[in-house]
Amino acid sequence: MNHDATPHGYVNNKDELLKRLRRAEGQVRGIQRMVDEDVYCIDILTQVSAATKALETVALQLLDDHLSHCVAAATREGGDVADAKIKEASAAIARLVRS
């Protein structure tokens with residue numbers, strides 16, 4: 001985890017990320033309402049798929065920002081810092097692909 005004072009790679013896309021997250025949050029609330037109202041299973045699954053895609057879009061944008069900002073800076077620094085950032089990014093990618 002990055003706990004230093006440097007800005008994160010997503011700083012330039014923060015408003016767009018927050019907009020997408022609010023949209024996903026609304027979709028999840030809609031899914032809860034659908035379950036509460038006993039809506040047809042396939043209709044709920046369609047909305048789950050849409051919410052999942054919305055979160056995947058956020059994840060991919062964060063990953064892109066991380067690679068182009070944090071990992072790129074670490075590779076310029078080299079050594080153990082670069083190795084750690086690359087391993088961290090690889091682990092994050094693996095978690096995304098497994099989910």
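Computed from a prediction, not measured in an experiment: that's the story for all the values here. This chain uses plain numbering: 1 for the first residue, then up along the sequence.
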Working to the nearest 0.5 angstrom, can you tell me the gap between [X] [atom1] and [Y] [atom2]?
X	Y	atom1	atom2	answer
Gln47	Arg33	CD	CZ	10.0 Å
Asp38	Ile44	CG	CD1	8.0 Å
Ile31	Thr52	CD1	OG1	7.0 Å
Glu88	Ile93	CD	CD1	11.0 Å
Leu63	Tyr10	CG	OH	14.5 Å

Heavy-atom pair of closest approach, residues [X] and [Y]:
X	Y	result
Arg20	Val58	CB-CG2, 3.6 Å
Thr75	Ala82	CA-CB, 3.8 Å
Gln27	Ala51	OE1-CA, 3.4 Å
Val71	Lys85	CG2-O, 4.0 Å

Cluster link Val48 to Val35, ILVMFWY, side chain under 4.5 Å: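 Linked, Val48 and Val35 end up in one cluster.
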
Membership question, hydrophobic clusters at under 4.5 Å side-chain separation (ILVMFWY): are Leu60 and Leu67 in the same one?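 Cluster IDs for Leu67 and Leu60 differ.
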
Q) Salt bridge between Glu25 and Arg22, side-chain N to carboxylate O under 4.0 Å? A)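 No.
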
Please check this pair: side chain of Ser49 against backbone of Leu45, looking for a donor-acceptor N/O pair closer than 3.5 Å.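 Answer holds: no.
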
Requested in this report: Examine the side chains of Asp65 and Gln61 and answer whether a donor and an acceptor come within less than 3.5 Å of each other.
Outcome: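 Yes, because at least one side-chain N or O of Asp65 sits under 3.5 Å from a partner of the opposite role on Gln61.
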
Any side-chain heavy-atom pair of Leu21 and Leu55 under 4.5 Å:
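Leu21 reaches Leu55 side chain to side chain.
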
